[in-house]
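Throughout, numbering of the chain's residues begins at 1 and tracks the sequence.
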Amino acid sequence: MTTATPTVAVGTQRTDAPKTVAGRVRKRLNSRTATLVSILIAIFWTVPTFGLFISSFRPEDQIKTTGWWTFFTDPQFTLENYQQVLFGRSSSSGQLASYFINSLAITIPSVLFPIAFAALAAYALAWINFRGREWVYIAIFALQIVPLQMALVPLLKFFSTGVTVAGIQVLPAWDLVDEQKFAQVWFAHTCFALPFAVFLLHNFISQLPGDLMEAARVDGASHPKIFRTIVLPLITPALAALGIFQFLWVWNDLLVALIFAGGGDETAPLTVRLAEMAGTRGNEWQRLTAGAFVSIVVPLIVFLSLQRYFVRGLLAGSVKG
């Protein structure tokens, strides 16, 4: 009599079963239950923003007496809220159009400057050998733990009095007025962003294949050419991810802009005006909802347009091969 041999030998593992912890986790995350939970979380996360959007188009009497969900049973639609907030003649209406331009004037250079400087510094720290390179990198890494608030007073003193060493004026005071104060905000945001930006980009650039760099140097390429033709195209996802982080930080910033740009109409960003509206016009809910939605439109556009680069930037370097 013969006995049937088992189809799977002792000590072996089924080919269709996950072989690693990561595989088992990936399988669970791809299940229907995980998908359903993700959809529910996304819905609950989006509901407040959707309610804000609906409320921004409702008339004043409706938004003050009923909830936004009653819009579906008694729909009333108006653009007066946005007209008052963006182009209202009285100062209490909002006048966000000019502050919106100020936010763009502050944010765009405050994103481009640190990205450009950090990319150059990260390449130098990764692929240029010079004495003390490791100590420079450690110092830049350590600067990430310094609270932003600790640098506000030294920066203000630097802008107002300059730099004096042993009684000798090394750098003069800036003495900027009106729109010139934008330069102070750009300088401050660039300084605050550089440690993290250099650290992040250094991790990407240092993982580029060494054979590729060596081949370029053998062909006679200089460091500027290698950086421009090889490194920049390869780190585009990292630059996009860093750009999104920096854009959202600067666009939503209130403290730095209020201190270094002031609260005047010529230089104050959108966040300063929204804070004033919330403090002085707290009962004007229809204007506050419209103003809040105006402030999040640009970050949403930036995030959605660069989303694919953002995901690639987060995943780049996490696995090899």
Side-chain angles (χ1 to χ4, degrees), residues 100-128 130 133 136-146 148 151 155 181-208 212-213 222-257 260-261 267 269-271 296-318:
F100 190 88
I101 301 300
N102 292 343
S103 288
L104 290 177
I106 291 174
T107 304
I108 294 176
S110 297
V111 172
L112 297 180
F113 287 157
I115 289 179
F117 295 148
L120 294 171
Y123 174 79
L125 291 172
W127 295 105
I128 299 179
F130 57 90
R133 182 180 65 172
V136 172
Y137 178 73
I138 292 174
I140 293 175
F141 177 80
L143 285 175
Q144 296 182 75
I145 67 174
V146 178
L148 180 150
L155 269 180
K181 290 185 177 180
F182 283 142
Q184 296 183 165
V185 188
W186 301 338
F187 186 89
H189 278 302
T190 300
C191 293
F192 297 147
L194 277 177
F196 174 74
V198 172
F199 171 74
L200 178 65
L201 294 181
H202 176 270
N203 290 341
F204 282 86
I205 295 177
S206 62
Q207 292 180 4
L208 297 179
L212 183 63
M213 302 296 179
S222 60
H223 283 297
K225 187 174 183 179
I226 293 175
F227 177 78
R228 184 178 66 256
T229 61
I230 297 177
V231 174
L232 279 182
L234 293 177
I235 65 171
T236 298
L239 294 176
L242 176 60
I244 291 176
F245 280 124
Q246 181 67 4
F247 187 95
L248 295 178
W249 162 253
V250 177
W251 183 269
N252 294 322
D253 169 71
L254 173 63
L255 178 63
V256 175
F260 295 107
T267 56
L270 197 62
T271 51
I296 68 175
V297 166
V298 173
L300 282 177
I301 294 175
V302 170
F303 181 81
L304 294 177
S305 60
L306 298 178
Q307 184 179 14
R308 60 192 183 100
Y309 295 105
F310 178 71
V311 176
R312 288 170 56 189
L314 292 179
L315 295 179
S318 60

With sequence neighbours left out, write down each residue that passes ring-ring contact (aromatic ring centres under 6.0 Å, His included) with F141, or none if nothing qualifies. F199
[atom1]-[atom2] distance between [X] and [Y], expressed to the nearest 0.5 angstrom:
{"X": "C191", "Y": "F117", "atom1": "SG", "atom2": "CZ", "value": "9.5 Å"}
{"X": "Q207", "Y": "L234", "atom1": "CD", "atom2": "CG", "value": "12.0 Å"}
{"X": "L125", "Y": "I205", "atom1": "CG", "atom2": "CD1", "value": "9.0 Å"}
{"X": "I101", "Y": "L270", "atom1": "CD1", "atom2": "CG", "value": "10.5 Å"}

Non-hydrogen atoms of Q184 and F260 that approach each other most closely: NE2-O, 2.8 Å
Closest non-hydrogen atoms of A197 and A118, given as atom of the first, atom of the second and distance, are CB-CB, 3.5 Å
Applying side-chain hydrogen bond (donor to acceptor under 3.5 Å, both in side chains) as the test, list every pair that has at least one member in residues 113-126; sequence neighbours left out. Y123-H223
Enumerate the side-chain hydrogen bond (donor to acceptor under 3.5 Å, both in side chains) contacts for residues 186-204, please, sequence neighbours excluded, ordered by first and then second residue. none
In the structure I gave you, are the side-chain heavy atoms of [X] and [Y] within less than 4.5 Å of one another anywhere?
{"X": "L239", "Y": "F204", "answer": "no"}
{"X": "F100", "Y": "V297", "answer": "no"}
{"X": "T107", "Y": "V298", "answer": "no"}

Checking Y137 now: which residues fulfil side chain to side chain donor-acceptor pair (under 3.5 Å) with it, not counting sequence neighbours? none
Not counting sequence neighbours, which residues clear side chain to side chain donor-acceptor pair (under 3.5 Å) with R133? List them please. N129
Is there a donor-acceptor pair closer than 3.5 Å between any side-chain N or O of W127 and the backbone N or O of F227? no
Show which side-chain atoms of residues 242-256 pair as donor or acceptor with protein atoms under 3.5 Å away, not counting sequence neighbours.
unit_1 : atom_1 : unit_2 : atom_2 : d
Q246   : NE2    : S110   : O      : 3.1
W251   : NE1    : S295   : O      : 2.6
N252   : ND2    : L248   : O      : 3.0
D253   : OD1    : V256   : N      : 3.3
D253   : OD2    : V256   : N      : 3.3
D253   : OD2    : A257   : N      : 2.9

